[in-house]
Amino acid sequence: MDDAPDLLERARKLFAGPVDFLKSAPGLEFLPDPDAPEIAFAGRSNVGKSSLLNAITGRNKLARTSNTPGRTQELNFFDVGQPLALRLVDMPGYGFAEAPRDMVKRWRFLVNDYLRGRSVLKRAIVLIDSRHGVKAVDRDVMDMLDAAAVGYRIVLTKADKIKASELAAVLEATRAEASKRPAAHPLLIPTSSEKGMGIAEVRAAVLEDSLI
Ligand SMILES: Nc1nc2c(ncn2[C@@H]2O[C@H](COP(=O)(O)OP(=O)(O)OP(=O)(O)O)[C@@H](O)[C@H]2O)c(=O)[nH]1
Ligand SMILES: [Mg+2]
């Protein structure tokens, strides 16, 4: 971990530079050419994927966020750095009960097929809401990633919404789950997009993963 401060600083500089929306892909046939490393943000609807993407890029309205689950319905690609260093992918959420069944099915296939089959995907970031911990749908996605040998990091979101003692407990429980999973990174990152907690660490993790 000797290079950790260096990585934090490099990541800070990278994300302070150009970040541009590239395209929205409603299906796998619309994916951009696989010409840059990709890091994808996955997680249940409303967990805070788009908000985290905005927080790490320091841009409030880059990715659309909403109180209503199901805001993000396509794979959205964002180019980071000039020259292009990496691509962030904001994904539709899973486990969204109120959406029409066929729509949910379509998103699930899109997310799963992308995660399983994308050659330039370096790592997925699986977001877990600190208030709720790991749910059955999260386990389904992690099972799929483990089976496909796609590495992923677990990031806890909305840490500002719970007490420090509750955060410590959910971190411990989530760490115990992660340790049993072959493709999960052992280090968890607690975050708050609202308060800026853990954001520098996520930037560094994304940069590090892009270099794999
Ligand atoms: N307090 C707090 N609220 C947050 C945080 N992150 C996100 N939210 C709120 O949670 C709601 C959902 O955030 P989004 O970023 O749109 O969630 P998403 O995972 O992209 O949702 P879908 O696109 O529907 O899958 C919004 O009202 C955000 O303002 C956080 O760190 N703290
Ligand atoms: Mg979203």
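Note that ligands are numbered from 1 as they come in the structure, with each ligand's atoms numbered from 1 the same way. The figures here come from the full heavy-atom set of this structure, side chains too, leaving out hydrogens, waters and symmetry mates.
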*Asks:* Below 4.0 Å from ligand 1: does a non-hydrogen atom of Thr157 turn up there or not?
*Replies:*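 No; Thr157 lies far enough from ligand 1 that no heavy-atom distance drops under 4.0 Å.
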*Asks:* Hydrophobic clustering (ILVMFWY, side-chain heavy atoms < 4.5 Å, transitive) - are Met197 and Val206 grouped together?
*Replies:*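 No: no chain of side-chain contacts under 4.5 Å links Val206 to Met197.
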*Asks:* Looking only at atom types and distance, does a side-chain atom of Asp129 sit under 3.5 Å from a main-chain N or O of Arg131, one as donor and one as acceptor?
*Replies:*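 It does hold such a pair.
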*Asks:* Using the rule that Ile, Leu, Val, Met, Phe, Trp and Tyr join whenever any side-chain heavy atoms are under 4.5 Å apart, tell me whether Phe41 and Phe15 fall into a single cluster.
*Replies:*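 Yes: a chain of side-chain contacts under 4.5 Å links Phe41 to Phe15.
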*Asks:* Is it possible for you to say whether Met91 and Phe77 belong to one hydrophobic cluster, with membership spreading through side-chain heavy-atom contacts below 4.5 Å?
*Replies:*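 Met91 clusters together with Phe77.
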*Asks:* Considering residues, nucleotides and ligands other than Arg64, do more than 12 of their heavy atoms fall under 6.0 Å from its CZ?
*Replies:*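 Count not over threshold, so no.
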*Asks:* Which heavy atom of the protein is the closest neighbour of atom 30 (C) of ligand 1, given with residue, atom name and distance?
*Replies:*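 Nearest protein contact, heavy atoms only, for atom 30 (C) of ligand 1 is Asp160 OD1, 3.5 Å.
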*Asks:* Where is the nearest protein heavy atom to atom 10 (O) of ligand 1: which residue, which atom, and how far?
*Replies:*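 Among all protein heavy atoms, the one nearest atom 10 (O) of ligand 1 is Lys158 NZ, 3.0 Å.
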*Asks:* Which protein non-hydrogen atom lies closest to atom 21 (O) of ligand 1, naming both residue and atom, and how far is it?
*Replies:*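 The closest one turns out to be Asn46 N, 3.0 Å.
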*Asks:* Under 4.0 Å from a heavy atom of Asn67: give me the atoms of ligand 1 that qualify, with their elements.
*Replies:*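 Listed by number with element, the hits are 27 (O).
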*Asks:* Give the atom numbers and elements of ligand 1 that come within less than 4.0 Å of a heavy atom of Ser193.
*Replies:*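 Near Ser193, meaning under 4.0 Å from one of its heavy atoms, ligand 1 has 30 (C), 31 (O).
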*Asks:* Under 3.5 Å, side chain of Lys49 to main-chain N/O of Gly43, donor-acceptor pair present?
*Replies:*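 Here the side-chain-to-backbone pair exists.
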*Asks:* At distances under 2.8 Å, what protein N, O or S atoms surround the Mg ion (ligand 2)?
*Replies:*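 Correct list: Ser50 OG, Thr72 OG1.
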*Asks:* Using a 4.0 Å cutoff against the non-hydrogen atoms of Pro69, which atoms of ligand 1 qualify?
*Replies:*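 Numbered from 1, ligand 1 contributes 24 (O).
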*Asks:* Is any side-chain heavy atom of Val80 closer than 4.5 Å to one of Arg87?
*Replies:*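 Not touching, per the 4.5 Å side-chain cut-off.
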*Asks:* Is Thr65 in polar range of ligand 1, meaning some N or O pair under 3.5 Å apart?
*Replies:*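 No; every N/O pair is 3.5 Å or more apart.
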*Asks:* Does atom NZ (Lys105) have a neighbourhood of more than 12 heavy atoms from anything else shown, all under 6.0 Å?
*Replies:*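 No, not enclosed.
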*Asks:* Looking at atom 23 (O) of ligand 1, what's its closest protein heavy atom, distance included?
*Replies:*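 Among all protein heavy atoms, the one nearest atom 23 (O) of ligand 1 is Thr72 OG1, 2.7 Å.
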*Asks:* Considering non-hydrogen atoms of the protein only, which is the closest contact for atom 17 (O) of ligand 1, and what is the distance?
*Replies:*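 For atom 17 (O) of ligand 1, the nearest protein heavy atom is Gly48 N, 3.2 Å.
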*Asks:* Give the minimum heavy-atom separation between Ala85 and Leu14, together with the two atoms involved.
*Replies:*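 Looking at all heavy atoms of both residues, the closest pair is CB-CD1, 3.8 Å.
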*Asks:* So does Asp35 have more than 12 non-hydrogen atoms from other groups sitting under 6.0 Å from CG?
*Replies:*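 Counting other residues, nucleotides and ligands, CG of Asp35 exceeds 12 neighbours.
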*Asks:* Heavy-atom contacts with Ser50 under 4.0 Å: which atoms of ligand 1 show up? List them by number with element.
*Replies:*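 Checking each atom against Ser50, I get 15 (O), 20 (O).
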*Asks:* Donor-acceptor pair, distance only, cut-off 3.5 Å: does the side chain of Lys23 make one with the backbone of Phe30?
*Replies:*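 Indeed, once roles are kept as given, a pair shorter than 3.5 Å links the two residues.
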*Asks:* State which residue, out of Asn76, Thr65, Asp90, fulfils the side-chain hydrogen bond (donor to acceptor under 3.5 Å, both in side chains) condition with Ser50.
*Replies:*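 Result: among Asn76, Thr65, Asp90, Asp90 is the only option passing the side-chain hydrogen bond (donor to acceptor under 3.5 Å, both in side chains) with Ser50.
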*Asks:* Starting from atom 19 (O) of ligand 1, what is the nearest protein heavy atom, named by residue and atom, and what distance separates them?
*Replies:*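 Here the nearest protein heavy atom works out to Lys49 NZ, 2.7 Å.
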*Asks:* Look at atom 3 (N) of ligand 1 and say which protein heavy atom is nearest, naming residue and atom and giving the distance to 0.1 Å.
*Replies:*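 I find the closest protein heavy atom is Glu194 OE1, 3.7 Å.
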*Asks:* Is any N or O atom of Ser66, backbone or side chain, closer than 3.5 Å to an N or O atom of ligand 1?
*Replies:*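 Yes, since at least one N or O of Ser66 sits under 3.5 Å from an N or O of ligand 1.
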*Asks:* Which bit of Lys195 gets closer than 4.0 Å to ligand 1, counting heavy atoms only: side chain, backbone, both or neither?
*Replies:*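 The answer is neither; Lys195 stays 4.0 Å or more away.
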*Asks:* Considering Gly70, Gly93, Ser45 one by one, which has a heavy atom nearer to atom 24 (O) of ligand 1 than any of the others?
*Replies:*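 The nearest heavy atom belongs to Gly70.
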*Asks:* Among Ser192, Ser193, Ser130, find the residue that satisfies the side-chain hydrogen bond (donor to acceptor under 3.5 Å, both in side chains) test when tested with Asp160.
*Replies:*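 Among Ser192, Ser193, Ser130, the one meeting side-chain hydrogen bond (donor to acceptor under 3.5 Å, both in side chains) with Asp160 is Ser192.
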*Asks:* For atom 7 (C) of ligand 1, grab the closest protein heavy atom and report residue, atom and distance to one decimal in Å.
*Replies:*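 For atom 7 (C) of ligand 1, the nearest protein heavy atom is Ser51 OG, 3.2 Å.
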*Asks:* Heavy atom under 4.0 Å from ligand 1: found in Ser192's side chain, backbone, both, or neither?
*Replies:*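 For Ser192, backbone and side-chain atoms both sit under 4.0 Å from ligand 1.
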*Asks:* I'd like to know if the side chain of Asp140 pairs up with that of Tyr94 as donor and acceptor (distance under 3.5 Å, no hydrogens or angles considered).
*Replies:*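 Per modelled atom types, Asp140 and Tyr94 side chains form no pair under 3.5 Å.
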*Asks:* Between the side chain of Asn54 and the main-chain N/O of Ala63, is any donor-acceptor distance below 3.5 Å?
*Replies:*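 A pair under 3.5 Å: yes.
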